[in-house]
Each structure stands twice: as C-alpha cells, then as structure tokens.
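Each remark here refers to the structure printed beneath this line.
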Amino acid sequence: MTSILPPGLEGNLVEYVQGGVGDWLPFDQKRFYTNAFIIQDEKVLLGLKKRGFGINKYNGFGGKVELGETLTEAAIRELKEEAGIDAPLEHTGSLLFMTKGAGWAFQIEIFSAHSYSGTPTESDEMRPEWFSFASPVSDADAIVPPIPYETMWDGDIHWLPLLIQGQKFVGRIDSVMQDDGEFAMTRHWFGTVVSNN
C-alpha cells in the first residue's frame, strides 16, 4: 500500500502499518542514536534498562552517537559497553521518534547481527536476556520466554517483527508524555524498504 510519507521519512517505502490521529508533530532538528539487536536460533537478545531514560523497559543496546563517530561505530561501542559483546552489525532500519513539546526528534538507526563474540554480561545500565520470537523454546535446560512487548516501547510490536524477519524498515512515532511520566503513542507509521535491485 502506498501512502504519503510522514515528515522526516524518505526513501522508496511501502506502508506496513499506520495508526493514530492528528497532525504529525513538528521538529527543528534530529539527534542521532543507535540501537543494536542480536538475533540467533529463534531468539533475540534484549536488555532491561536499569537506569535513566526508558528505565524498566526492554530494548536493544544503544545510545547517543558521539562526535566523530559513524553510526556503525556508535552501535558497536554501545553494544560492547551495555552487553559486553562484539558483533558484525548491519544497518537494518531507521526510526524517528517525536514527543509533543520537544523541538528535536530522536533519529534512531537500528542495527542487527546473527552472530556475536563474548558472553552477554550485565552492565550498570542494561541486563541482557534472551527472548523467543517463536513460541517459548527450551535452551539448555531453561525455557526462553516470548518477547515481552508489554514491557517495551509501544511501537516495538510493529517494527521488531520486521527486524526479526530480515526486512529493512523505516518508521515514525509521535507521542505525548502522560501524567505518570510514561509516553503514549499518538500517531505512528511503519514501512518496509523497497529494493531498487
């Protein structure tokens, strides 16, 4: 399905899902971040955020792109700092997040890998855990639980399946902060990237 792209998104995209109402929120600038995921044996490695923005939510491993870093360098550094592992990361998606009242948007570049070296290790910021994207699976005498969408960001349920399926994607989420400090999604759009090959 073809649709008009939300402001801030570009490329040869096909709509996957959209929702919400109202106008897209305006922004003056973007701040760049990365987020990395390891996908292996019908499982995805997520981290439980232990402090700061997104505390008590599961997410990939990432953060701010530092001055002089490429996006890939930032993703590799953040994965090492937060999970203690190295991986041959590849760019797989882009997400634009805008919150009402903020003058700037989060531009988050998503990376993934199907192999890694090292042992996933808890850091002061994240606790790595494996989750099944099929039904719960046994893994060396332990049951690997399903992806905990209920303790993730609202939009993750729309784009994480695309990441797991190996589809390149782009998305935008607009939100408002509620009285309890949580963010509520007001409008969203996700699409897959159409290859020119």
Side-chain angles (χ1 to χ4, degrees), residues 1-6 8-20 32-49 54 57-63 71-72 74-76 78-79 82-83 85-97 106-117 120 126 128-140 142-175 185 187-197:
M1 174 191 312
T2 303
S3 66
I4 296 173
L5 296 179
L9 302 186
E10 57 187 43
N12 191 8
L13 307 173
V14 174
E15 181 182 306
Y16 175 68
V17 65
Q18 70 166 320
F32 287 85
Y33 296 79
T34 64
N35 209 349
F37 297 82
I38 306 300
I39 301 165
Q40 196 172 69
D41 301 326
E42 296 192 348
K43 298 179 296 187
V44 60
L45 185 65
L46 301 175
L48 179 66
K49 184 82 159 137
K57 289 191 180 294
Y58 284 98
N59 204 344
F61 303 91
L71 295 169
T72 303
I76 290 168
E78 290 282 354
L79 182 63
E82 294 183 351
I85 58 176
D86 296 298
L89 296 174
E90 294 183 15
H91 185 258
T92 53
S94 297
L95 298 171
L96 181 70
F97 289 91
F106 287 90
Q107 177 69 46
I108 303 176
E109 299 303 326
I110 307 295
F111 291 81
S112 66
H114 293 275
S115 64
Y116 66 94
S117 60
M126 300 285 270
E129 295 179 48
W130 288 103
F131 293 94
S132 170
F133 53 81
S135 54
V137 296
S138 294
D139 183 23
I143 299 296
V144 179
I147 295 172
Y149 287 114
E150 67 281 358
T151 52
M152 296 174 74
W153 294 103
D154 287 346
D156 292 0
I157 197 164
H158 298 298
W159 63 265
L160 191 58
L162 296 173
L163 175 78
I164 288 168
Q165 295 164 16
Q167 294 185 17
K168 293 192 180 282
F169 63 92
V170 173
R172 176 168 174 170
I173 296 174
D174 283 10
S175 62
M185 196 166 53
R187 191 154 186 204
H188 62 277
W189 188 99
F190 297 96
T192 55
V193 176
V194 177
S195 174
N196 292 328
N197 296 344

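Judged purely by atom type and a 3.5 angstrom limit, K168 uses its side chain to pair as donor or acceptor with the backbone of H91. The backbone N or O of S117 sits nowhere less than 3.5 Å from a side-chain atom of D86 that would complete a donor-acceptor pair. Panel note: side chain H114, backbone I39; a donor-acceptor pair is recorded below 3.5 Å.
At least one side-chain heavy atom of I85 sits less than 4.5 Å from a side-chain heavy atom of I38. A heavy-atom distance below 4.5 Å is not found between the side chains of P128 and L48. Looking only at side-chain heavy atoms (C-beta outward), F133 and L160 stay at 4.5 Å or farther from each other. In this structure the side chain of Y116 reaches within 4.5 angstrom of the side chain of Q40, judged on heavy atoms. With a 4.5 Å cut-off on side-chain heavy atoms, P120 and L45 count as touching. Using a 4.5 Å cut-off on side-chain heavy atoms (C-beta onward), I147 and D156 make no contact. Taking 4.5 Å as the limit, every side-chain heavy atom of P145 sits out of range of all side-chain heavy atoms of S132.
Atom CD1 of I110 is separated from atom OG of S94 by 8.0 Å, given to the nearest 0.5 angstrom. Here the CG atom belonging to L46 is positioned 8.5 Å from the OH atom belonging to Y58, to the nearest 0.5 angstrom. Note that the CD atom of E15 and the OG1 atom of T192 stand 10.0 Å from one another [nearest 0.5 Å]. Separating the CG atom in D154 from the CE atom in M185 is a distance of 5.0 Å, to the nearest 0.5 Å.
Nearest heavy-atom pair across G60 and N35 is C-OD1, 2.8 Å. Nearest heavy atom pair, residue M126 against residue N59, reads CE-O, 4.1 Å. Contact detail for D174 and R172: the closest heavy-atom pair is OD1-NE, 2.7 Å. Pairing each heavy atom of L79 with each of A87, the nearest pair is CD2-CB, 3.7 Å. A pairwise comparison of heavy atoms in F131 and P146 identifies CD2-O, 3.3 Å as the closest pair. Contact record, W153 with G54: CZ2-CA, 3.6 Å, taken as the closest heavy-atom pair.
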**OP:** Please lay out, stage by stage, how F32 and F106 fare under the test ring-ring contact (aromatic ring centres under 6.0 Å, His included).
**Re:** CA-CA 6 Å; F32 287 85; F106 287 90; over 10 Å; no
**OP:** Check the pair W159, F37 against ring-ring contact (aromatic ring centres under 6.0 Å, His included), reporting the backbone distance first and the verdict last.
**Re:** CA-CA 13 Å; W159 63 265; F37 297 82; 5.6 Å; yes
**OP:** Report the C-alpha separation of L13 and V194 in whole Å, then their side-chain angles, then the decisive distance to 0.1 Å, and conclude whether the side-chain contact (heavy atoms from CB on, under 4.5 Å) test is met.
**Re:** CA-CA 6 Å; L13 307 173; V194 177; over 6 Å; no
Original post:
Yes or no on side-chain contact (heavy atoms from CB on, under 4.5 Å) for L96 and V170, after CA distance, side-chain angles and deciding distance?
Top reply: CA-CA 8 Å; L96 181 70; V170 173; over 6 Å; no
**OP:** Kindly indicate, with the supporting measurements, whether the criterion side-chain contact (heavy atoms from CB on, under 4.5 Å) is fulfilled by K57 and T151.
**Re:** CA-CA 5 Å; K57 289 191 180 294; T151 52; 5.9 Å; no
Original post:
Can W189 and L5 be said to form a side-chain contact (heavy atoms from CB on, under 4.5 Å), step by step?
Top reply: CA-CA 8 Å; W189 188 99; L5 296 179; 3.5 Å; yes
**OP:** Could you walk me through whether F190 and Y16 pass the ring-ring contact (aromatic ring centres under 6.0 Å, His included) test, one step at a time?
**Re:** CA-CA 5 Å; F190 297 96; Y16 175 68; 7.8 Å; no
**OP:** In sequence, state the C-alpha distance, the side-chain angles, and the governing distance for E78 and Y33, and then conclude on side-chain hydrogen bond (donor to acceptor under 3.5 Å, both in side chains).
**Re:** CA-CA 10 Å; E78 290 282 354; Y33 296 79; over 6 Å; no
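Other residues, nucleotides and ligands place no more than 12 heavy atoms under 6.0 Å from the CD atom of E10. For CD of E90, the number of neighbouring non-hydrogen atoms (other residues, nucleotides, ligands) closer than 6.0 Å is 12 at most.
E109 and T34 form no side-chain donor-acceptor contact under 3.5 Å, judged by distance and modelled atom types alone.
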